[in-house]
Structures are given as C-alpha cells and as structure tokens.
Student: 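Sharing a structure below in structure tokens format, with a few things to ask.
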Amino acid sequence: MPRMKKYPFREIEPKWQRYWEENRTFRAVEDASVPPEKRRYVLDMFPYPSAAGLHVGHPEGYTATDIYCRYLRMNGYNVLHPMGFDSFGLPAENYAVQTGTHPKATTEANIDRFREQIKSLGFSYDWDREVSTHRADYYKWTQWIFLKLWERDLAYVAEIPMWYCEALGTVLANEEVIATPEGPRSERGNHPVERRPLRQWMLKITEYADRLLEGLEDLDWPESIKAMQRNWIGRSEGANVTFPLADDAAERAAAAGLGEDERHIEVYTTRPDTLFGATYMVMAPEHAMVAALTTPEQANAVRGYVDATKLKSDLERTELSKEKTGVFTGSYAINPVNGAQIPIWISDYILASYGTGAIMAVPGHDERDWDFATAFDLPIVKVVARPDEDDPQAPLAAATPEYGVAVNSGQFDGKPTEQVKSEIIDWLESHGHGSRAVNYKLRDWIFSRQRYWGEPIPLVECDGEYYPIPEDQLPLTLPEVESYKPTGTGESPLAAVTEWVECDCPDGSGRRGRRETNTMPQWAGSCWYYLRYLDPANDRAFADREKIEYWMPVDLYVGGAEHAVLHLLYARFWHKVLYDIGVVNTDEPFLRLVNQGMILGENGVKMSKSLGNVINPDDIVSEYGADSMRVYEMFMGPLQQEKPWSTQGLTGVHRFLDRVWRLTERPLDETPADEELRRVLHKSIRKVGHDTGKLAFNTAISQMMILVNELYKHDGRPREVWEPLVRMLSPYAPHLAEELWEMMGNRSPVSLGAWPEFDEELTRDDQKEVVLQVNGKIRARLTVDAGTDRETLQRMAMEHERIAELTAGKQVVKVIAVPDKLVNVVVK
RNA sequence: GCGAGAGUGGUGAAAUUGGUAGACACGCCAGAUUUAGGAUCUGGUGCCGAAAGGCGUAAGGGUUCGAGUCCCUUCUCUCGCACCA
C-alpha cells in the first residue's frame, strides 16, 4: 500500500456504532423541562424493505435529516428521530406465490438486512422506537383506525370495475395492464384481461376534499407538491342542469321501467353561461340510461360501441390525439333554456366517474365538443363573443373557451358571460332545472386488495350486514394459508381458509358470520406510522395523548417526490379524521416537507439494473467508509436537486476526511491561533451553522474544507481551532468526529456536546478589497479599512492613478460609492 | 395543451438586500517528493489574445451608475397532470 498512514475508518466506524447502540446515545425522552419550542420531530419516509436492499437514494434523505438532527441536538433541542419499515406489500407476496415462502419470513429477513445497512451509515435514530407495519401489535391499530373510519360512515362497500385476468385468476392494478393490438393484456404473461365489477371497500376521502385543499395553504411544502395535490383534488364550481327528455324518448324510458322522476338527463357543467349553445348531449357508454334511451334502429350500433369501450384501457380512452368516436342513441332531450330538441349521443370521451357521467355539449366554446361536433356534423352555435369583436355573430373558426359577451342567449345577450354564469344558475334554480354544484376529480379511495399480505379488515358479515370486531379482540391476525396463489374467483387467498372465514357474529346473537377476506392496501400502514413512533409499545392506545402533545406535529418530513400525491394525501386524510375524533392535537401532520432529489447514475440517467449503473451503498461503505458516503452525498449539490453520482467526487470527499485525520500527526497545542486562522474559524462556525440549519449542506461542507485548507497553511494544531472543527464536523462525519474527540481526551461523546459559538467581531474583516469601476467596468482594486466612508472612498478612487487616467478629459457625471464594496465613476 | 421548476467553466456546483461571477470539489496541465506507479505536497486552470485588452451566467430586449439576480419576449430541458365537462 502506497499511503503512509491511512484513515482507519474500518475500525472507527463499527466502534462508534457499537458505542452509540450500547449507550442508547440517541434515545429520545419526553423531558417536560424542555420547552415546546426546543422540541423537534424530524421524520424520514420509512422504506419498503425490498429484497434488493438499500440503494443510494435512501441514504441521501436519511443523511440529510440525520445531520439536521445532530445539529439540533448540539444546539439544545430535544429531537425525535425514528425509523421503521413499511413491510406489507406486493413483492413479498409475489415471491411467496412463486416459491411458497411465507411473506413474513421474506419480509423479516429483508428488514434485518435493511436495518443493518442503515445502521452501517451511523444514523442517530432512536432504535427503541422502530416499527414495522406488518407486525400484529402495529396493525392492531391500523385496524382500530379503520374501524373508526367505518363507525363514522367513511368506509363503505361498492361494486367497482376492476381489471380481472381469467388466466392468472386474479385482480390486476391499472399499471399491471398493458394495451396491445389484441386489446388489454396482463403485463405478466400477456393474458387477456377485462373489467369486472367486484366488491370493494371504499374510503370517503372525497368528504374531506375541501379540507385537504384548504389545509395546503399554511403548509411549508414545495409549491410543486402543493400544486400536484390541488390538481389531484381538482375542485371545480358550476351547476348541475336537468335536461328533460323529448316526448318519444320519455316514452321509451317509461317503457324501460324508468319512473317519471327519472325521465331526464342530469349533467354537470362549469359553464352554465354557455347553456344556449348546447346543441347535443353526450353520455358515457357506461351511463345507466343508455339502454333505456337507445332506439331499436340504433341498438346494434350502441351495443357494439359499449362493448368496444369495455375492452379499452384507461390509457387508450384518454389518448388525446385520438379522433373522437361515438354513436347516436336515437333519442332527444330538451334544452331547458330554449326548448330546443337536441340529440343524445354516447362517447368514450365522457367519463362515467366524473360529474353525472353525461354532459351538455357546447361545441362553440369547448374544444372537445368542437372536435366531436365536427366529426359527426352536429350543429355549432356561437353564444360567447369576444368583447372587442366587430360582428358578434361572425362564425367561429374554432372553439373559444374564454369568457366574453353573451350572444344568441335570449335575455342574457350583451352581458359578460362571467356574470351570466351566475344569473343562469339563479334562473335554473328558480325554475327547477338545476342548481349550483361543486365537483372534484378526486375519487373515493379503493381501500381493499384481493391479497394475502396486508392487514385483514376487521369486519364480519352476518346476513348481509357488517359488524365490527370489538376493539378488545383486535388485532385480527392473518391466518396461515396453504397457498398464496390467487383463488381464481377474484377473492383473496384468505377466502380459502374456511376455519378463519367462518366465525361467530360479533353482535353476540349466536349467528354465524363470514369474515371480510379483502385486505388493506399498502398505503394503510404508512398513513399513520409517524404517530406510532411516539409510543410504539403502547397496547392501550395507538399512542399516549401526552406523547402526542409533546412531539406532534412533525416539524420536518423528508422523502422522495414519488409520494407527492398518494401517500401524503392519504396520510393527511387519516390525520384529519383522527383530529375530528379528538385523538390527535393538530389538523395537519407534516408542517414542513422537503423532497430530496434523485441520485442518477454516473452517466447522468436514472439508476437501473438493466443499465448497469447502480451504485450499491454497501460497496461504498466498505471501500470508503460511511462518513465519506454521508459527506459526499451531501456535498454533491443541493438536497432538493437531482444529481449524478460521481465516484471521483466521492474520492475528493474521502481525501478531505483523510486530510482532517492527518492533522492529528501534528501535536495539539494550547497556544492561541494566528489572527488569520482564527478569523477563518469564526466565519466558518457562523457559515456552517447557518447553512446546516437551512439544509444547505453542500456549502457548509465547502466551508469546512476552507477551514481545513487554512489550517494546513499554518503550523501546529491549536486546540482553539481544532476543537470547534471537530464539533462542526460531527453531524456530518460522526464516526470520525467521535474518534478525534476521544483522542483529545474527552470522555463523553461529541454527539451530545454543544455546537461551537462564534465571535461576531472575528467574523468581520478589518480590511476590505474595494473595486474601482469606470462606467461599471472594473479598472482597479484597492484594499481599504473596513467601513471606510463614501467620501473617503470617492476621494481615493478619483486620486487613483488608473482612474484619473481613464477619466481625464471627460465629464464626471456621478460617482457611486458603496462602502466595503466598490466605487463606480460615471463619465461622459 | 395545462401546471411547477430549471438553464452559470471540461464536470458537480457557489454567489444575504441588484454591487469583485465561477467559492469548494472533480478533472486536466506543470513541478516536487517517494523503495514510483489509483498516495502526498506546491503552482496553474472560464473563453479569445503573445500582450495590452476584450468577451463571458440559454437567446434577444428593457429598467439601473451597476443585472446570474428585477421586468418583457423567445428557445431548450426536467418533473407532474392530461378529454375532469
């Protein structure tokens, strides 16, 4: 080995990891003497323990929060910083289907590996609080929360069309279905799939839509994430409008068994102001009234279209470039504002799940309706003119969705359409043709999975009614099954465990009942894990109220942007429900959210096995050490930014730590440091502290590098500089710092020590370089005493040889002097 | 199409309120040192130019004594949503 003395991270790192563990150095205790403003809850998104182990993206966020927590502790904060595992989920179940291995065995082996990998990076978690969502003492409370939702009528059963694959005998998620020329197929095996209505548990997240929207206002989250959530919730305001059926259509509906109050079509529109321009209607092919409204002549065409739609995936249906398709039902409706008879069509561009599943089409002022009307030669009426238009009746060349001035709209003509919008709603309401309405893109949450490896839903069905399993009988544990394979009926493998499914009805009536065999989705456990960390061993409540009060809400939550919508929306929803039933103290769980940017492969593209550019953290830790890994990942660039991995960059950081280590070859000396070194030190303490506090770790590290470089320029190793350096380094490279600290003769860990203080006086330079500009161009530089006043600076500039030369014979228009910065002489 | 964000050396990136662009690091070049080889140390390194000097923060325009930073226009890229009536 060529190197003279190598920084022995292989000995140091395990040594201190053992020390922290044995001494439970980072245990968080609810110490009442710490005032609330000195408490912080810093949370990482817990990982799914996959078989592949940790990848380099995990340590990025974890290192960031770890540095921040260590910094807070050194500044006198009581910090809660826990870690756990999101351990229910599909990969373990798929593996079980293939190999017969119990998902629990796979999962727990993976957890052990993850825990070991995480510990090898020296994070300051309070491991006494570790949770795993698949453990019965955890999911007992997931089930408990589900029952609270159920009690509040926020959980219900519905028949929902799900992708079902006959050959695989199982239900598939949208992303497991691919579009092929032969129709939708399963991603696995390429078998045909179809939509089948299946019984599902649903959660009424839509009931919380407005609060989820409003709650975003005060959160310190990235604007992009808030925008995504707003978009996902998709609130819009408009009106529901009732279109009566024309006479023969009404007769047809009556013949099909529809009551008098059902013989009309209700639509939702955000543009009631364009109602006079509605020249036809379109219903989703799945609309309940399609069959009743179809005339015999159109029956074949309609049936064919409806069947074809069933085979289309959502992706195909929403393909924008696609030509509009549709079929006329043969029936007509009446436009309530002008009595016009308008045809009723069906088309797959109308979604059954949004609004009422039917629309009034206004081709003049809606691009989609324009396309459809053009394709099928349907009439187009202009009802909105531009305010500046010379001829308001001039024909339209394309749909104009903008607001303007009403035309061809009876008594509303000439009015601004924004105003008409509200007036028409009033008119509709007073004439019984409609009412104001709000709609959301957000759908209720399909909460059941036809799978084994998830939380059992704690309900029993007796004679068609559901009864909750009493709280004192929770958890309802997963039974052992003989096979993890799908049942072939679309039910979960639990359905095959007769002795588990069949049970007494919890109502005590002595009737027999059947347990719910659907399980909860993976999101369930991650909806509330941050609460369980507060009190992980509690068997009387999900967490003690005082502990909730002590720590909540989460001050900082760090994780990947891939959870921007679903996890964060679901967790917020559950939290609000828990708030409503009075068991948590805040309306929102996560005050501040930061997304770490993805780490790309060395070639600048996403890491993936197939590209062969995956970096394994274990290799980095064994070759360069955990401290190098930590400092490098933070030095790469801003936390929030996407950035490519560079092994050469890593060696640069490793070299820096090595340089720190080699300073110990110099004897520690008690003599005061040079003035110059001391100034760099105090500036460094200020900058490193400031930057660490705002998560700007890259610049904090560069400042420590500057300090170390400065130290090398001087002789000796003054304690006055060395001690604060080791303290500052300790959140970043904690193993190295602990070792250096111990070498200085300290007995207690630097991790529990104090952050160094700086002397304001020493952070200010007494000399400043001032630039002299002529017309904004730098022409000379001067070193002056700090704080030299404007007049003096101006005089010095004008007297300067070079400036005098350049301004000679010219008229000086003005001289700007900024103390400690510059003098700008403006000449003509 | 809509929404959010970003464009700075060969590379990752710095740059309180508009006030010395490129800190720190990688790479590269030169040198030193060593039982030589992925170590360490010193110096150099935005571009053009021999130099003086000029030019430089995606492009163009504007405000200003002064713009990477503020305003307008355009282009490119990334991410998210995408027939939501």
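Proteins get letters first, then strands, A, B, ... in listed order; numbering begins at 1 in each. This structure is a prediction, so every number in the text was calculated from the model and none was measured.
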Student: Using a heavy-atom cut-off of under 4.0 Å over every strand shown, decide if A/Asn698 touches base, sugar-phosphate, or nothing.
Tutor: sugar-phosphate
Student: Over all strands shown, is A/Ser353 touching base, sugar-phosphate only, or nothing at heavy-atom distances under 4.0 angstrom?
Tutor: nothing
Student: Using atom P of each nucleotide, how far apart are B/A85 and B/U8 to the nearest Å?
Tutor: 38 Å
Student: Given B/G19, B/A13, B/G80, which nucleotide is nearest the side-chain atoms of A/Met228?
Tutor: B/G80
Student: Taking only the P atom of each, what is the distance from B/C24 to B/U34 in whole angstrom?
Tutor: 29 Å
Student: Measure from the side-chain heavy atoms of A/Tyr268 and tell me the nearest of B/A23, B/C81, B/A85.
Tutor: B/A85
Student: Would you measure the distance from the P atom in B/A14 across to the matching atom in B/A32 and give it in whole Å?
Tutor: 37 Å
Student: In whole Å, what separates the C1' atom of B/G9 from that of B/C26?
Tutor: 13 Å
Student: Are there more than 12 heavy atoms of other residues, nucleotides or ligands under 6.0 Å from atom CD of A/Glu761?
Tutor: no
Student: Anything under 30° is parallel, anything over 60° is perpendicular, the rest tilted; go ahead and classify A/Trp445 against A/Tyr570.
Tutor: parallel
Student: For a quick check of understanding: with a heavy-atom distance under 4.0 Å over all strands, which category does A/Glu367 fall into, base, sugar-phosphate or nothing?
Tutor: nothing
Student: A/Gln794 has an atom CD; how far is it from atom P of B/G19, in whole Å?
Tutor: 20 Å
Student: With sugar-phosphate meaning primed atoms plus P, OP1 and OP2, does A/Ser646 contact a base, only sugar-phosphate, or nothing at under 4.0 Å between heavy atoms?
Tutor: nothing
Student: Indicate yes or no for a side-chain donor-acceptor contact from A/Asp369 to the backbone of A/Gly364 under 3.5 Å, with no hydrogens or angles considered.
Tutor: no
Student: Given the P atoms of B/A15 and B/U20, what is the spacing between them in whole Å?
Tutor: 14 Å
Student: Given that both distances must come in under 3.5 Å, which nucleotide forms a Watson-Crick or G-U wobble pair with B/A36?
Tutor: none
Student: For the residue pair A/Thr788 and A/Asp785, confirm or rule out a side-chain donor-acceptor distance under 3.5 Å.
Tutor: no
Student: Would you classify A/Val771 as touching base, sugar-phosphate or nothing, given that sugar-phosphate means primed atoms plus P, OP1 and OP2, and contacts are heavy atoms under 4.0 Å?
Tutor: base
Student: Which of these nucleotides, B/C41, B/G3, B/G19, is closest to any side-chain atom of A/Arg659?
Tutor: B/C41
Student: So which nucleotide from B/A23, B/A13, B/C83 ends up closest to the side chain of A/Lys643?
Tutor: B/A13
Student: Tell me whether A/Glu402 at atom CD has more than 12 heavy atoms from other residues, nucleotides or ligands lying less than 6.0 Å away.
Tutor: yes
Student: For a quick check under 3.5 Å, do A/Ser628 and A/Tyr7 share a side-chain donor-acceptor pair by atom type?
Tutor: no
Student: Between B/C55, B/G19, B/C24, spot the one nearest the side chain of A/Lys777, thanks.
Tutor: B/C55
Student: Determine whether more than 12 heavy atoms belonging to other residues, nucleotides or ligands lie under 6.0 Å from atom CD of A/Gln641.
Tutor: yes
Student: Send over the distance from A/Tyr349 OH to B/C83 P, rounded to a whole Å.
Tutor: 13 Å
Student: Could you tell me which nucleotide pairs with B/U78 by Watson-Crick or G-U wobble geometry, both distances under 3.5 Å, or answer none if nothing does?
Tutor: B/A4
Student: Taking the P atom in each of B/A82 and B/U16, what is the distance between them to the nearest angstrom?
Tutor: 38 Å
Student: OP1, OP2 of B/G53 versus side-chain N and O of A/Arg802: anything below 4.0 Å?
Tutor: yes
Student: With distance as the sole test, does A/Glu710 use its side chain to make a donor-acceptor pair with the main-chain N or O of A/Leu677 at under 3.5 Å?
Tutor: no
Student: Among B/C24, B/A85, B/A15, find the nucleotide with the atom closest to the side chain of A/Met705.
Tutor: B/C24
Student: I'd like the C1' distance from B/A25 over to B/A59, given in whole Å.
Tutor: 31 Å
Student: Mind checking if A/Ser224 touches a base, just sugar-phosphate, or nothing, with heavy atoms under 4.0 Å?
Tutor: sugar-phosphate
Student: With the side chain of A/Asn824 defined as its heavy atoms from C-beta on, choose the nearest nucleotide among B/A13, B/C24, B/C65.
Tutor: B/C65
Student: Rounded to the nearest Å, what distance is computed from the CD atom of residue A/Glu710 to the P atom of nucleotide B/A23?
Tutor: 16 Å
Student: Contact class for A/Arg230 (heavy atom, under 4.0 Å): base, sugar-phosphate, or nothing?
Tutor: nothing
Student: Mind checking A/Arg779 for me? I need base, sugar-phosphate or nothing, with any heavy atom below 4.0 Å counting as a touch.
Tutor: sugar-phosphate
Student: To the side chain of A/Lys441, which of B/A21, B/C81, B/G12 is closest?
Tutor: B/C81
Student: Are OP1 or OP2 of B/U40 and a side-chain N or O of A/Arg655 less than 4.0 angstrom apart?
Tutor: yes
Student: Rounded to the nearest angstrom, tell me the gap between atom CG in A/Leu657 and atom C1' in B/A25.
Tutor: 13 Å
Student: For B/G56, which nucleotide is its Watson-Crick or G-U wobble mate, given both distances must be under 3.5 Å?
Tutor: none
Student: Closest approach to the side chain of A/Lys814, judged atom by atom: which nucleotide of B/C65, B/A25, B/G19 is it?
Tutor: B/C65
Student: Across all strands, who's sitting opposite B/C28 as a Watson-Crick or G-U wobble pair, both distances under 3.5 Å?
Tutor: B/G44
Student: Using a heavy-atom cut-off of 4.0 Å across all strands, would you classify A/Gly234 as base, sugar-phosphate, or nothing?
Tutor: nothing
Student: Any idea if B/G10 is syn or anti, going by the 90°-from-0 cut?
Tutor: anti
Student: Could you tell me whether the side chain of A/Lys324 has a donor or acceptor atom within less than 3.5 Å of a complementary atom in the base of B/C83?
Tutor: yes
Student: Could you please name the partner base of B/A23, counting Watson-Crick and G-U wobble pairs only when both distances are under 3.5 Å?
Tutor: none
Student: So what does A/Leu822 touch, heavy atoms closer than 4.0 Å: a base, only the sugar-phosphate, or nothing?
Tutor: base
Student: Can you find a side chain N or O atom of A/Gln641 that sits less than 4.0 Å from OP1 or OP2 on B/A13?
Tutor: yes
Student: Where the side chain of A/Asp444 meets the backbone of A/Thr206, is there a donor-acceptor pair that is under 3.5 Å apart?
Tutor: yes
Student: Between A/Arg686 and A/Gly355, who's closer to the 5' end of RNA chain B by nearest nucleotide?
Tutor: A/Arg686
Student: Without decimals, in angstroms, what is the distance between A/Tyr440 OH and B/A85 C1'?
Tutor: 17 Å
Student: Which part of the nucleic acid, if any, lies within reach of A/Asn709 when heavy atoms closer than 4.0 Å are counted: base, sugar-phosphate only, or nothing?
Tutor: sugar-phosphate
Student: If the plane angle is over 60° it's perpendicular, under 30° parallel, otherwise tilted; pick one for A/Phe372 and A/Tyr280.
Tutor: parallel
Student: Using the side-chain heavy atoms of A/Glu769, tell me which of these nucleotides is nearest: B/A14, B/A4, B/U20.
Tutor: B/U20
Student: By nearest heavy atom, map A/Glu623 and A/Tyr712 onto RNA chain B; which one lands nearer the 5' end?
Tutor: A/Glu623
Student: Applying a 3.5 Å limit to both distances, which nucleotide forms a Watson-Crick or G-U wobble pair with B/U69?
Tutor: none
Student: Within the 4.0 Å heavy-atom criterion, would you say A/Pro222 contacts the bases, only the backbone, or no part of the nucleic acid?
Tutor: nothing
Student: How far, in whole Å, is B/A21 from B/G54 if one measures between their P atoms?
Tutor: 13 Å
Student: What does B/G49 pair with, Watson-Crick or G-U, if both distances are under 3.5 Å?
Tutor: none
Student: Within this structure, what is the CE-to-C1' distance between A/Met598 and B/C79, rounded to whole angstrom?
Tutor: 9 Å
Student: Indicate, with a heavy-atom threshold strictly under 4.0 Å, whether A/Ile816 touches base, sugar-phosphate, or nothing.
Tutor: base
